[in-house]
Amino acid sequence: MTRPISLEYNGEVAVIQSDNPPVNALSHAVRSGLQDAFLQVISEGKARAIVLICEGRSFFAGADIREFGGPMLEPVLPDLINQIESCPIPVVSAIHGTALGGGLEVAMGTHYRVTADSGQLGLPEVNLGLLPGAGGTQRLPRLVPMDEAAGMITGGRPIRAQKAIEIGLVDKVVPLADLRAEALAFAQALIRDGKSPRPTSANDCDQMNANRFAVLSDKVRKSARGSVAPLKCLEALEAAMLLPFDEGLAKERALFLDLVQSDQRAALTHAFFAERQVGKLPEIKGVSPRDIATVGVVGGGTMGAGITVCSLLSGLDVTLIERDAESVDRATSTVSKLLMGAVKRGKLSQQACDAILSGSFRASTDYTDLAQADLVIEAVFESMEVKKEIFGTLDQVCRQGAILASNTSYLDLNAIAQMTGRPANVIGLHFFSPAHVMRLLEVVVGNATAPDVTATGFALAKRLGKIAVRAGVCDGFIGNRILSQYQKANNATVLAGASPFDVDAALTGFGLAMGPFAVGDLAGLDIGWANRKRPAPTRDPGEVYPEFADRLCEMGRFGRKTGRGFYIYDDAAPNGRPDPEVEEIIAEERAEKGIAPRAIDASEIVERYMAAMVNEAARIVEEGIALRPLDVDVTLLNGYGFPRWRGGPMQYADTVGISKILSDINRFTEDDPRFWQAAPLLERLAQEDRSFASLNTQGE
Ligand code: 3HC
Ligand code: NAI
């Protein structure tokens, strides 16, 4: 028998156990071990029931994702599950941790399910660009109502044990500590009561009427935004309703195998592993982070309030410092409102909210209140003078060993660190807005930042439920530096002839949730305006500088908050409608600059946007600002709304080919040779016929 699987007898119950750390993925060794174990139990004939259980932190968390794209080794999972289901004696799954994907499919192939109360069950394949490919789409709606099955399969979110028993997915929920004993008792009761195997495939599939299915399909199509897998899930569910089990299973398998070969599956799998790889840095390997229990936040505006709230929600103590009593009141009220929002959404109990507001949260104007903080995060105005002054003060009042962090979006962290006598304890923690919602945290490492301070930044991100990416110091770090470049490319596309609305339409067609001009309106056009003013004195006079966005700001049109930006926001169009006046302003600028507008189609808009993004990202990797291409991908996926099913800009470049991106850049050079200069790394990779992915193991 293969190693990860063991078999023992407990009276008339055979216990088949998997031990394949960390999450009992159903690798080839596990599948063949399971097959052997079931055959052995049947051939030995000593058992009258079987319990299937896993060691370690989880029941099977799914197929082994690393095997996708390679040869499928026998036994393949659907066949193994069919064999388990046809076992002549009852089989009971004992579930703990996460029964996900192939793991839940195995459990549904067994005849009975007992789960720990902390267990979670789900079919998250859609998140990897797949559908459940081992009977999940056919068995789930034979156990639970079709709308629940469709929600789980197209949404990919796991459900808790309590919900699982309510909808009929499991038979019993028990305390985690008693799982093995309870599963054994369950199996013994089956023997005692003379129960036979209960194959899920023999159940009727729950039906959904055609109208409701059409409404559901419409909803799924809209939210998929170009992602194919959710629509394929629906095809498989339709097959479950219309076809006999075996035919439905064959249909599901065919759809699954197509998806396994797709670029979207490769991109989403890349995103999954990149998000786990991104925190693995040679400089913090084996380095212990410092303990963080009390946090100071300086500045309680948009970002400071959000940072305060996510810290409080993670159990940290927060002292917020504002500049005067009025600002303290305003910040306190924002923090309370955000916490109340968490109560309304069921994320926090009213009691816990009250305890936070009366216990772990304080606001003041007195910096000496930060004397005992373990970490202070500065989030005041984006002004070097103000930040330098604050870091000087913090250095005076904070205890030795306290970490001083800045949330600056663009400014030179090394210069800020120099204002202190402890540059090794200074770091950038660049949160994204809204800080209590967005998952990305850029951990900006300065020249002098100590490794354990960097390690603390990563540990803090984990505690806050965020994904941390290491960034070096430069204007805009990873994300905002790339953003500045693709914004320039989009503005140039507009000057050349497209409207901002054409650009937004092309890029939402590409998969972005919102077009960049609509995003500008949402964030406030004044933010970009201020960022453009900063480098204005050093701007190359040869640069073609699009002025239309500045024109709108000069007119007081800052976007949504003023009711007008690129779009008009009013009762008729709360989400905005294109403003023809914007096109007039742009036309005037073209005339002043002697530009004859030309038609630019959606594919060229996308090519320009992606070429600018990939080119700047290549420079960022080459300079070491991002450690690896995957760090860029994780940044753009989690902070900038890049479509996840495209895997990030570097994965996209690998998919279309680096030489294609390079030839686009060379084509655009004719329009603006100053802007369109290929990054040396891009040229080198194209010459060597290598991918960005080949650089992802760098530094390991
Ligand atoms: N295959 C291979 N490796 C896996 C894996 C899987 N299914 N699931 C997790 N891992 C690895 C991770 O890469 C990570 O490896 P590392 O330590 O080398 O970085 C390690 O297991 C631990 O994972 P996490 O860091 O994510 O641990 P968490 O405790 O935060 O989360 C989890 C655990 C909830 C199980 C999470 O890992 C997860 O969501 N995994 C993916 C689950 C999934 O998508 N299953 C469906 C697979 S597709 C399928 O089953 C097809 C079938 O229908 C035929
Ligand atoms: P904001 O203007 O909303 O808030 C700044 C706050 O700092 C104000 O409440 C102000 O009263 C306070 N403040 C100013 N000087 C102070 C002082 N000396 N002591 C104490 N408090 C003081 O600004 P926002 O948007 O929150 O930005 C803060 C920082 O976060 C900036 O560095 C910005 O670049 C960065 N950032 C902003 C993002 C955004 O989307 N708004 C995203 C990521 C970073």
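Ligands are counted one by one from 1 in listed order, and the atoms in each one are counted from 1 as well.
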With a cut-off of 3.5 Å and sequence neighbours excluded, list every side-chain donor-acceptor pair involving residues 458-465.
from: Arg463; atom 1: NE; to: Ser314; atom 2: O; distance (Å): 3.2
from: Arg463; atom 1: NH1; to: Ile292; atom 2: O; distance (Å): 3.3
from: Arg463; atom 1: NH2; to: Ser314; atom 2: O; distance (Å): 3.1

Which atom pairs, donor and acceptor, lie under 3.5 Å between side-chain atoms of residues 63-71 and protein residues at least two apart or in another chain?
from: Asp64; atom 1: OD1; to: Arg66; atom 2: N; distance (Å): 3.0
from: Asp64; atom 1: OD1; to: Arg66; atom 2: NE; distance (Å): 3.1
from: Asp64; atom 1: OD2; to: Arg66; atom 2: NH2; distance (Å): 2.9
from: Glu67; atom 1: OE1; to: Arg31; atom 2: NH1; distance (Å): 3.0
from: Glu67; atom 1: OE2; to: His28; atom 2: N; distance (Å): 2.8

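With Val380, Ile377, Ile390 as candidates, the residue nearest to atom 28 (C) of ligand 2 on a non-hydrogen basis is Val380. The nearest non-hydrogen atom to atom 15 (N) of ligand 2, considering only Arg323, Arg330, Glu322, comes from Arg323. Of the candidates Asp324, Thr302, Val297, the one placing a heavy atom closest to atom 25 (O) of ligand 2 is Thr302.
Per-atom contact check: atom 19 (N) of ligand 2 touches the protein, criterion being a heavy-atom distance below 4.0 Å.
In the vicinity of Tyr367, heavy-atom distances shorter than 4.0 Å reach the ligand 2 atoms 17 (C), 18 (N), 19 (N), 20 (C). Residue His430 has at least one heavy-atom neighbour below 4.0 Å for each of these atoms of ligand 2: 43 (C), 44 (C). Here is the list of ligand 2 atoms found below 4.0 Å of a heavy atom in Gly301: 3 (O), 4 (O), 6 (C), 9 (O), 26 (O). Taking every heavy atom of Gly299 and a limit of under 4.0 angstrom, the matching atoms of ligand 2 come to 7 (O), 12 (C), 21 (N). Contact atoms of ligand 2 toward Ile321: 20 (C), 21 (N) (distance under 4.0 Å to a heavy atom of the residue).
For the residue pair Gly565 and Leu525, the shortest heavy atom distance occurs at CA-CD1, 3.9 Å. Between Cys398 and Leu404 the shortest heavy-atom distance is SG-CD2, 4.0 Å.
When only non-hydrogen protein atoms are considered, atom 43 (C) of ligand 2 lies nearest to Phe431 O, 3.1 Å. Counting protein heavy atoms only, atom 30 (O) of ligand 2 is closest to Asn407 ND2, 2.9 Å. Residue, atom and distance of the protein heavy atom nearest to atom 44 (C) of ligand 2 are Ser409 OG, 3.1 Å. The protein heavy atom nearest to atom 42 (C) of ligand 2 is Met303 SD, 3.5 Å. The protein non-hydrogen atom at the shortest distance from atom 14 (C) of ligand 2 is Phe381 CE1, 3.4 Å. Nearest to atom 40 (O) of ligand 2 among the protein's heavy atoms is Ser433 CB, 3.3 Å.
Comment: Lys251 does not engage Glu238 in a salt bridge, judged by the lack of any side-chain N to carboxylate O separation of less than 4.0 angstrom. Arg3 and Asp19 are not joined by a salt bridge, as no carboxylate oxygen comes within less than 4.0 angstrom of a charged side-chain nitrogen. At a threshold of 4.0 Å, the pair Arg470-Glu283 counts as salt-bridged, since one of the basic side-chain nitrogens sits closer than that to a carboxylate oxygen. Here Glu275 pairs with Arg644 in a salt bridge; the nearest charged N to carboxylate O distance falls below 4.0 Å. Ion pairing of Asp521 with Lys561 is absent here, as no side-chain N (NZ or NE/NH1/NH2) approaches a carboxylate O to less than 4.0 Å.
Here salt bridge (charged side-chain N to carboxylate O under 4.0 Å, His left out) pairs that include residues 133-142, with residues two or more places apart or in two chains, are Glu85-Arg139.
Side-chain contact between Leu123 and Glu105 is present, with at least one heavy-atom pair separated by less than 4.5 Å. Using a 4.5 Å heavy-atom cutoff, the side chains of Arg481 and Ile625 are in contact. Under the 4.5 Å side-chain criterion, counting only non-hydrogen atoms from C-beta, Arg362 is not in contact with Asp369.
Taking a 4.0 Å cut-off on heavy atoms, Phe432 fails to register as neighbouring ligand 2. Contact analysis puts Lys387 in contact with ligand 2, with a non-hydrogen atom separation below 4.0 angstrom.
Checked by distance only, ligand 2 and Thr408 stay at 3.5 Å or farther apart across all their nitrogen or oxygen atoms.
Within 4.0 Å of ligand 1, counting heavy atoms only, the contacting residues are Pro22, Val23, Ala25, Arg57, Ala61, Gly62, Ala63, Asp64, Ile65, Phe68, Thr98, Leu100, Gly101, Gly102, Glu105, Pro124, Glu125, Leu128, Pro132, Gly133, Phe256, Phe272, Phe273, Arg276, Lys280.
Summarising the geometry, atom CZ belonging to Arg534 is positioned 11.0 Å from atom OG belonging to Ser383; distances are rounded to the nearest 0.5 Å.
Taking the six-membered ring wherever Trp is involved, the centroid distance between the rings of Phe477 and Tyr410 does not fall below 6.0 Å.
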